[in-house]
Peer 1: 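Here it is, the structure in full.
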Amino acid sequence: MTDVALLVDVGLSFRDDLGIGGPARLDRKQAMAQLTMVKALNLALTEVMRENPNVMMMGQDVGIDEGVFRVTEGLLKEFGEDRVVDTPLAEAGIVGSAVGLCMKGFLPVCEMQFDGFSYQAFHQVEGHVRRLRNRTRGRFTCPMVIRMPYGGGIRAIEHHSEAPEATYAHLAGLKVVLPSGPRNARALLRAAILDPDPVVVLEPKAIYRAFREEVPDAPETMPIGKGVIARPGKDVTIITYAAMVRTVLEAAEELAEEHGVDAEVVDLLSVAPIDNDLINASVRKTGRAVVVHESYRHCGVGGEIVARIVEDSLMYLEAPIKRVTGYDTIIPFFANEQNWLPSSAKVVSAALETVRF
Amino acid sequence: MTDVALLVDVGLSFRDDLGIGGPARLDRKQAMAQLTMVKALNLALTEVMRENPNVMMMGQDVGIDEGVFRVTEGLLKEFGEDRVVDTPLAEAGIVGSAVGLCMKGFLPVCEMQFDGFSYQAFHQVEGHVRRLRNRTRGRFTCPMVIRMPYGGGIRAIEHHSEAPEATYAHLAGLKVVLPSGPRNARALLRAAILDPDPVVVLEPKAIYRAFREEVPDAPETMPIGKGVIARPGKDVTIITYAAMVRTVLEAAEELAEEHGVDAEVVDLLSVAPIDNDLINASVRKTGRAVVVHESYRHCGVGGEIVARIVEDSLMYLEAPIKRVTGYDTIIPFFANEQNWLPSSAKVVSAALETVRF
Amino acid sequence: MPRDTVPIPGKIEKIEILSHDGKLDTKLEPKLPDADLRKLFRYMLFTRMLDERCLHLQRQGRIGTYGPCKGQEATPLGVAYHLRKEDWFVPSYRELSGFLWRGWPVDRYMLWWGGHEIGSSIPPEVNDTPICVPIASQVQYAAGIAWGAKLRKDGTVVACFCGDGGTSEGDFHEGMNYATVFKVPLVMIVQNNQWAISVPRHKQTASQTIAQKAVAYGIDAMIVDGNDILAVLVAAKEAIDKARNGGGPTLIEAITYRLSMHTTADDPKKYRSEAEVKSWEAKDPLPRFRDYLRKKKLLDEKIEAVMEEDIRNELDTAVAKYEQYRHDPYAMFDYMYAQMTPELARQKQELKAALGGDVAPQRETARTHG
Amino acid sequence: MPRDTVPIPGKIEKIEILSHDGKLDTKLEPKLPDADLRKLFRYMLFTRMLDERCLHLQRQGRIGTYGPCKGQEATPLGVAYHLRKEDWFVPSYRELSGFLWRGWPVDRYMLWWGGHEIGSSIPPEVNDTPICVPIASQVQYAAGIAWGAKLRKDGTVVACFCGDGGTSEGDFHEGMNYATVFKVPLVMIVQNNQWAISVPRHKQTASQTIAQKAVAYGIDAMIVDGNDILAVLVAAKEAIDKARNGGGPTLIEAITYRLSMHTTADDPKKYRSEAEVKSWEAKDPLPRFRDYLRKKKLLDEKIEAVMEEDIRNELDTAVAKYEQYRHDPYAMFDYMYAQMTPELARQKQELKAALGGDVAPQRETARTHG
Ligand SMILES: Cc1ncc(C[n+]2csc(CCOP(=O)(O)OP(=O)(O)O)c2C)c(N)n1
Ligand SMILES: Cc1ncc(C[n+]2csc(CCOP(=O)(O)OP(=O)(O)O)c2C)c(N)n1
Ligand SMILES: [Mg+2]
Ligand SMILES: [Mg+2]
């Protein structure tokens with residue numbers, strides 16, 4: 001019942017040899033450019049829009065202003081007003097009209113200006129975007145992307161630092177990806193646009209411009225639903241994604257240098273689907289796990305990860321699994337947000353507790 | 001920093017001696033009436049509205065029509081149009097205007113006509129209802145109730161059988177309760193209305209009229225965040241809530257009678273806060289656990305429960321924890337919904353696998 | 001002008017052609033081929049009879065809760081008549097006459113109310129969207145389809161429907177705003193049937209008419225007697241032509257009445273008077289149109305009897321087909337994504353195990369459970 | 001009337017009193033006490049100077065991103081002037097002049113932009129709601145507060161503000177609909193400053209004016225020159241009085257202009273011309289009002305200099321107070337619920353452990369992180 005024709009139709013080729021790894025696996029010989037995540041996302045958009053005239057970019061201030069984070073830089077100029085659209089100020093309007101555009105064969109990329117305003121479109125996502133294929137038994141599909149700046153750490157005002165990944169991941173019918181660096185951001189956004197189903201792309205705004213990475217000349221895609229080992233290790237598995245990958249890698253360095261603990265860091269890249277095999281393979285190897293994410297703990301992705309480990313690998317576990325997460329409070333206004341967010345120090349102490357259990 | 005004055009103000013008295021248990025603990029001598037859940041909820045509303053003139057009931061068709069499930073029967077007649085309000089057809093309007101009513105000292109009870117339309121109000125819940133106290137450092141609070149018929153099993157059309165508890169439970173600042181029978185429905189709704197903070201009351205519509213229970217004459221409240229042991233046992237703990245409590249109790253009977261397995265059934269009654277102590281005490285006793293709920297598995301409440309057990313009681317676990325849940329698909333249109341929902345048979349086999357692990 | 005009254009831009013036109021007591025404005029009367037008029041009547045009658053049949057099936061437990069459309073047959077039909085095949089018909093849930101005209105198979109309609117997704121699977125040759133349950137949410141995708149049509153420059157038009165209650169939703173507003181800002185070929189028809197379940201029109205909005213909401217979006221509106229198919233035909237043609245010619249959206253308020261209950265779960269006696277219902281029964285679109293056609297000698301009792309007989313047979317066939325439908329219990333996993341995820345494959349196996357292995361497509365009547 | 005144009009109900013009035021080139025309509029000129037006029041000017045000036053100070057603080061990294069209100073000082077002030085203490089002022093985020101008039105402490109305003117919740121904690125004696133970030137969402141609670149006022153029969157009125165962009169949101173529509181259906185004492189002011197970040201007014205809605213959106217809700221509207229405080233004072237008084245006397249909501253479109261950037265993160269040069277900004281600088285409400293008062297001999301350069309000096313001192317004091325603020329790192333747990341949940345108590349302990357035990361209230365300047 002899989003719609004293979006459609007897969008081919010939109011040029012989707014999730015061939016494994018195109019799959020790229022995390023920062024640790026940049027080994028192919030190619031021309032490379034040093035890009036920030038913002039530039040890498042911009043590159044992905046530009047590439048796909050050049051290849052496929054059905055791809056549209058729409059949202060608040062994505063045109064002449066080129067996006068409040070400049071992710072859509074140059075797009076209006078190159079692709080014109082019909083394909084790069086400054087919409088009126090209504091999030092449900094963006095997503096809802098994009099559902100209609102999908103029915104006319106377009107591939108809309110919707111920008112929510114901030115994570116915190118994506119809730120305004122929630123009923124359209126819940127009620128139509130994720131249901132259209134199933135409801136119509138494949139007559140209509142929703143190959144749209146909803147992308148948004150995600151998470152805290154940029155000292156923004158209220159509603160600009162939310163982490164809604166569990167909320168979206170819980171909604172069957174969506175895919176939810178969270179890049180952790182420029183290269184995988186470009187590859188995941190491309191994969192998301194080419195994917196025949198709706199994909200929510202949560203772009204960790206804290207690392208939009210935090211560092212550069214080499215990005216090859218040729219477009220890449222990554223398979224959605226697969227994570228990567230961001231750092232191999234043997235003593236404890238730390239599972240994370242998005243901006244927290246950097247935090248965790250930092251913690252892993254400290255664990256190695258100061259405590260002789262060799263942590264394996266799993267970068268999930270996608271929380272729906274989630275890479276069950278990778279998680280369990282790593283935990284079976286290390287026997288210990290810590291989960292790190294910046295959203296609320298209660299009913300967050302962390303709980304799901306723990307449940308997956310318990311379901312498949314309980315007997316390998318040598319210690320309770322700790323969750324280092326945002327607390328179950330409103331994320332504080334920015335003066336105090338760093339105390340709310342997981343920090344490398346919090347990760348180190350959770351990992352040590354787990355290892356020393 | 002707790003607002004004790006306010007607690008007293010709205011007459012909140014969560015005294016433990018008023019806390020009631022599940023069906024197994026109806027031992028106080030009182031006049032009793034045999035009520036369905038619909039009638040019990042109606043009784044709670046009537047009682048609180050009689051006691052406190054600030055309580056309002058508002059929603060679509062809650063007035064002259066007395067609610068599509070008749071939960072608001074008699075209220076318009078007794079309390080008049082100012083307190084029992086047929087609103088225009090806009091869910092965010094209901095919740096959003098209720099936020100304003102709270103600022104004027106009212107205690108609004110908002111009905112969402114069905115679970116599936118509560119998403120239309122999601123941004124108001126996320127953006128204001130749950131944030132108001134924290135954002136204003138207690139200057140404004142949101143002592144409202146959002147109640148809605150919840151879940152599947154009544155052969156309704158699309159969008160009328162949703163189970164959004166994890167979605168609400170994940171939003172810090174809300175409380176989320178799910179009664180499992182007439183008596184606790186009345187007590188929890190009362191507690192929710194008297195609670196100085198916003199409470200989402202998910203009323204399992206499959207058992208709205210499925211059975212009657214004795215309900216005492218005097219009003220009762222139950223502490224929000226406490227579960228009950230619906231059936232004591234020693235071999236395996238089955239943790240569940242809402243309509244699934246009946247399914248699980250049925251499974252427990254079969255487990256006992258046909259398989260000699262003595263299951264302990266935990267009825268959570270609340271998923272935010274969640275009764276960590278009760279869950280862990282039971283699992284420490286039995287060493288085995290199964291979690292049952294009707295919402296999607298992925299990032300559902302089940303994962304949270306597993307994580308809580310792993311955090312606090314890993315070393316007591318003798319088998320992986322199984323999750324018997326709705327699948328990660330859109331709940332099928334009603335002809336096939338029973339195949340989607342957890343059934344007593346599915347629970348029995350999960351419990352047996354766990355026990356025989 | 002330091003203090004002045006500003007003229008309100010916009011225009012609202014009101015059209016009635018065939019009154020409920022048979023008065024005909026011959027100047028405005030649309031000139032349709034006789035065959036088309038008769039065909040329209042047949043669809044109206046078919047709708048009425050199918051609607052009754054569904055009520056009957058519901059009472060027998062052979063379909064689930066049913067939402068009748070009695071009294072509202074004229075408007076969707078009059079609009080659908082002027083749509084081309086390539087155009088789009090975007091309904092709410094009370095547009096049965098339009099579905100039928102557009103070619104939606106009757107058994108699919110029953111399958112929808114019988115709890116089967118296949119009832120939402122519009123045949124590939126028909127540009128309809130399925131029944132839409134979340135009120136007014138369809139206005140958003142209707143605007144999007146029309147926007148797409150404009151971008152494709154394919155000359156197609158979108159006709160979208162919602163109820164009077166639907167105009168209160170944020171989605172109505174946002175959809176109308178997008179449609180008008182992008183000036184897309186959308187005809188937005190509000191079937192003002194006076195009630196949103198138990199909430200009367202005057203409690204739904206303080207505006208004197210629904211039509212005047214067009215002013216908020218800078219477009220013109222029409223008010224038609226929605227029970228007068230001739231008026232609907234005229235209004236729809238103008239709005240559709242305008243949309244097709246790049247003139248942008250029109251809002252049409254069709255004044256009509258829900259003669260039956262909201263759904264079979266509803267008891268309208270609780271909230272509205274018999275007298276009111278009676279007064280609207282006198283305005284029923286069906287006898288009105290029949291009398292018009294009889295006067296034109298396009299119908300007589302004999303023709304009608306044959307028609308009814310034919311329809312009854314068609315309905316019998318459709319019911320039989322509906323009841324033969326066997327659904328695949330595992331299909332819930334198959335249409336979630338183009339490619340099934342590993343997790344869903346695992347859960348599909350779980351269900352197989354629970355059902356005791358591969359189970360053949362099932363026949364579940366509405367009575368099987370609950 | 002088989003086909004007829006229906007008159008559109010409703011009325012839109014346009015009010016301008018003091019034009020940008022100093023012409024005054026003396027017949028309409030509101031008669032305020034001299035002291036009040038001077039006080040209004042002082043608040044306008046204070047707002048302008050505080051706004052500039054905040055920009056300065058932002059550039060020095062002493063507060064976070066800042067959203068200036070330059071050019072929009074007249075409207076909130078003119079409205080707030082006619083509100084009673086018991087009335088409610090429900091802002092969006094560009095109503096600084098109104099906050100100040102209503103008694104919001106200056107340091108709290110800085111604290112908000114400095115990333116502290118206490119900046120949202122309105123003093124108990126002021127019936128304001130805090131800055132509202134999700135666009136138009138405040139219209140819903142404004143309708144609710146006004147509804148509550150009507151139920152309480154306490155004679156209070158609610159003045160709510162949003163931007164031109166805000167009118168596109170579903171929340172604006174639903175809030176307006178509730179307010180008008182329940183006929184609550186709400187005055188809804190749309191500060192049409194021509195832009196929503198980079199989106200110009202004409203791309204936001206196809207309606208010729210924002211005011212005419214009132215027609216959709218069956219109410220009257222006013223258009224005022226929002227840079228003319230005299231016109232605002234007149235319009236606001238009428239609308240507030242009407243609301244107080246049970247006349248229900250009024251929509252006021254205040255035509256104004258955002259002279260500065262959207263926020264300090266924004267670069268308006270990307271999307272609008274210098275010429276346009278220049279043309280609006282000529283309409284700046286502040287010099288216009290100053291010239292008017294000078295003509296009335298209520299102001300002169302000396303008085304103004306003293307005023308400026310005083311304000312500068314007040315601002316210095318406020319900045320010092322702002323910078324002395326120490327926030328409690330654990331407070332995030334304390335206001336989630338009236339009674340802390342066990343889980344939050346546990347998490348609070350976690351944070352204490354992470355910070356190495358109980359930590360005294362912290363001073364975090366905007367530069368501490370990132
Ligand atoms: C978003 C949403 N809220 C509530 C409902 C429940 N509901 C179904 S029909 C209805 C009334 C609709 O009234 P109207 O728009 O006038 O259409 P009508 O039924 O009269 O054709 C309501 C409240 C729904 N389907 N969707
Ligand atoms: C619901 C929501 N969507 C998007 C934003 C981001 N945003 C902040 S201000 C703004 C423009 C608002 O324009 P307008 O309503 O005209 O007010 P102005 O800023 O011009 O005063 C946008 C899009 C937001 N704050 N809330
Ligand atoms: Mg209606
Ligand atoms: Mg603006």
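Just so it is clear, the model here is predicted, and its values are computed rather than measured. Side chains are part of it too, since the values below use all heavy atoms of this structure and drop only hydrogens, waters and symmetry mates.
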Peer 1: Have Y150(A) and E165(A) got a donor and an acceptor in their side chains that come within less than 3.5 Å?
Peer 2: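 Checked: Y150(A)/E165(A) side chains pair up, N/O donor to acceptor below 3.5 Å.
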Peer 1: Are S270(A) and K226(A) side-chain neighbours, meaning at least one heavy-atom pair lies under 4.5 Å?
Peer 2: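 Side-chain contact under 4.5 Å: no.
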Peer 1: List the steps, then state whether side-chain contact (heavy atoms from CB on, under 4.5 Å) holds for M148(B) with L202(B).
Peer 2: CA-CA 5 Å; M148(B) 66 190 87; L202(B) 302 172; 3.6 Å; yes
Peer 1: At a heavy-atom separation under 4.5 Å, does E318(B) approach chain A through its side chain, its backbone, both, or neither?
Peer 2: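 For E318(B), the backbone is the part near chain A, not the side chain.
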Peer 1: For F357(B), which atoms come within 4.5 Å of any heavy atom of chain A: side chain, backbone, both, or neither?
Peer 2: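 Interface part for F357(B): side chain.
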Peer 1: Sort by residue number and list every member of residues 113-124 of chain A having a non-hydrogen atom under 4.5 Å from chain B.
Peer 2: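 Residues in range: G116(A), Y119(A), Q120(A), F122(A), H123(A).
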Peer 1: Looking at C299(B), A172(B), A307(B), G303(B), which has the largest count of heavy-atom pairs under 4.5 Å with chain A?
Peer 2: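 Counting heavy-atom pairs under 4.5 Å, the top option is C299(B).
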Peer 1: Just so I understand: if I count every heavy-atom pair under 4.5 Å between each of E91(B), E158(B), R297(B) and chain A, which residue has the most?
Peer 2: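 It is E158(B).
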Peer 1: Using a cut-off of under 4.5 Å on heavy-atom pairs, state which of G302(B), G173(B), A319(B) scores highest against chain A.
Peer 2: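 Going by pairs under 4.5 Å, I would pick A319(B).
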Peer 1: Side-chain donor-acceptor pair under 3.5 Å between R284(A) and S313(A), yes or no?
Peer 2: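 A pair is found: one side chain offers a donor N or O, the other an acceptor, under 3.5 Å apart.
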Peer 1: When you measure from the side chain of T240(B) to the backbone of V292(B), do you find a donor-acceptor pair of N or O atoms at a distance under 3.5 Å?
Peer 2: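 Yes; judged by distance alone, with no hydrogens or angles, the pair exists.
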Peer 1: Who wins among R323(B), R130(B), E162(B), R308(B) for the most heavy-atom pairs under 4.5 Å with chain A?
Peer 2: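 Winner by heavy-atom pair count: R323(B).
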Peer 1: Only pairs of heavy atoms separated by less than 4.5 Å count here; which of V306(A), I331(A), D328(A), L317(A) has the most with chain B?
Peer 2: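 With the most close heavy-atom pairs to chain B, the winner is V306(A).
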Peer 1: Quick one: which of V199(A), D197(A), V129(A) gives a side chain to side chain contact (heavy atoms under 4.5 Å, CB included) with L174(A)?
Peer 2: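 For L174(A), the side chain to side chain contact (heavy atoms under 4.5 Å, CB included) test succeeds with only one of V199(A), D197(A), V129(A), which is V129(A).
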Peer 1: Taking all atoms of both residues into account, what is the closest heavy-atom pair of M144(B) and C102(B), and its distance?
Peer 2: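 Of all heavy-atom pairs spanning M144(B) and C102(B), the closest is CB-SG, 3.9 Å.
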Peer 1: With a 4.5 angstrom heavy-atom cut-off, is it the side chain or the backbone of F333(B) that approaches chain A, or both, or neither?
Peer 2: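 Looking at F333(B), just its side chain touches chain A.
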Peer 1: Is it the backbone or the side chain of V271(B) that comes under 4.5 Å from a heavy atom of chain A, or both, or neither?
Peer 2: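 Backbone only.
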Peer 1: Counting distance only, does the side-chain N/O of S97(A) pair as donor-acceptor with the main-chain N or O of I94(A) below 3.5 Å?
Peer 2: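 Yes, because the side chain of S97(A) sits within donor-acceptor range (under 3.5 Å) of the backbone of I94(A).
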Peer 1: With a 4.0 Å cut-off on N to O distance, would you call R131(B) and E126(B) a salt bridge?
Peer 2: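 Looking at E126(B) together with R131(B), the answer is yes, because their closest N to O distance falls below 4.0 Å.
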Peer 1: Under a 3.5 Å cutoff, is there a donor and acceptor pairing between the side chains of R135(B) and H128(B)?
Peer 2: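 Yes, a side-chain donor-acceptor pair sits under 3.5 Å.
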